[in-house]
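What follows is one structure encoded as structure tokens, with my remarks underneath.
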Amino acid sequence: MVLVVGGAGQGKLAWALERSGLGRESASRRIDDPVPILLGLEDLVRETLAAGEDPQGLLPRLGGKAYVLCREVGCGVVPMDPAERRWREETGRLCCALAREARMVVRLCCGLPQILKAPEGDEE
């Protein structure tokens, strides 16, 4: 699995599609859709918390995806709302767990990939 993180509008999906050779139909925001690219991990964490569940429970289901894309939510001003702070914290913790399991971790900024973790010989 490749974990791709970056701010909103930074080219995460375009990069994943170009690298994989897949089309837009291969991506979905729903974890149970049988497609290789999951969009919006941060939204999935929010939904999981709203349902009273632990986002770490998503790990086994995310491992089957080829690409998991997550918007960076930990930068900037810390929200005053405790629920928003918890959402940011849980999103970060889930990304840390995914990064440990991922074969590759990429951060995108302005469409440019910064390889944080890669298998030997796959650093681009």
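Being a predicted model, the structure only gives us computed values, none of them experimental. Heavy-atom basis, side chains included; hydrogens, waters and symmetry copies ignored.
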Salt bridge (Lys or Arg N to Asp or Glu O under 4.0 Å) against Glu47, all qualifying residues, sequence neighbours excluded: none
Is a side-chain N or O of Lys117 found less than 3.5 angstrom from the main chain of Val106, in a donor-acceptor match? no
Rounded to the nearest 0.5 Å, what's the gap from SG on Cys75 to CZ on Arg88? Could you check? 7.5 Å
Approximate separation, where rounding is to 0.5 Å, of Ile37 CD1 and Arg29 CZ: 12.5 Å
Do you know which two heavy atoms are closest between Ile115 and Ala118, and how far apart they sit? CG2-CB, 3.5 Å
Would the distance check show the side chain of Gln10 and the main-chain N or O of Leu108 forming a donor-acceptor pair, the cut-off being under 3.5 Å? no
Determine whether Ser20 and Tyr67 make a side-chain contact, defined as any pair of heavy atoms from C-beta on separated by less than 4.5 Å. yes
Please report the closest heavy-atom contact between Gly7 and Lys12, naming both atoms and the distance. O-NZ, 2.7 Å
Which residues, ordered by chain and number, are linked to Val78 in its hydrophobic cluster, where ILVMFWY side chains connect at heavy-atom gaps below 4.5 Å, directly or through other members? none
Say you draw a straight line from CZ of Arg19 to CG of Leu17; how long is it, rounded to the nearest 0.5 Å? 13.0 Å
So which atom in Ala16 and which in Leu69 form the shortest heavy-atom distance, rounded to 0.1 Å? CB-CD1, 4.3 Å
Rounded distance [0.5 Å steps], NZ in Lys65 versus OG in Ser28: 6.5 Å
Taken to the nearest 0.5 Å, the spacing of Arg71 CZ from Cys95 SG works out to 11.0 Å
Any sub-3.5 Å donor-acceptor pair from Arg24's side-chain atoms to Ala27's backbone N or O? yes
For Arg85, enumerate each residue passing the salt bridge (Lys or Arg N to Asp or Glu O under 4.0 Å) test, keeping only those at least two apart in sequence or located in another chain. none
Residues in side chain to side chain contact (heavy atoms under 4.5 Å, CB included) with Asp32, at least two apart? Arg61
How long is the span from the OG1 atom in Thr48 to the CD atom in Gln56, to the nearest 0.5 Å? 10.5 Å
In the hydrophobic cluster built from side-chain contacts under 4.5 Å, what are the other members alongside Leu44? Met1, Leu3, Val5, Ile31, Leu38, Leu41, Val45, Leu49, Leu58, Leu59, Leu62, Val68, Val73, Trp87, Leu94, Leu98, Val105, Leu116
Cluster membership besides Val35, Ile/Leu/Val/Met/Phe/Trp/Tyr side chains within less than 4.5 angstrom, sorted by chain and number, is none
Non-hydrogen side-chain atoms of Arg107 and Pro113 separated by less than 4.5 Å: no
Main chain of Cys70, side chain of Glu42: is a donor-acceptor contact present, judged purely on distance under 3.5 Å? no
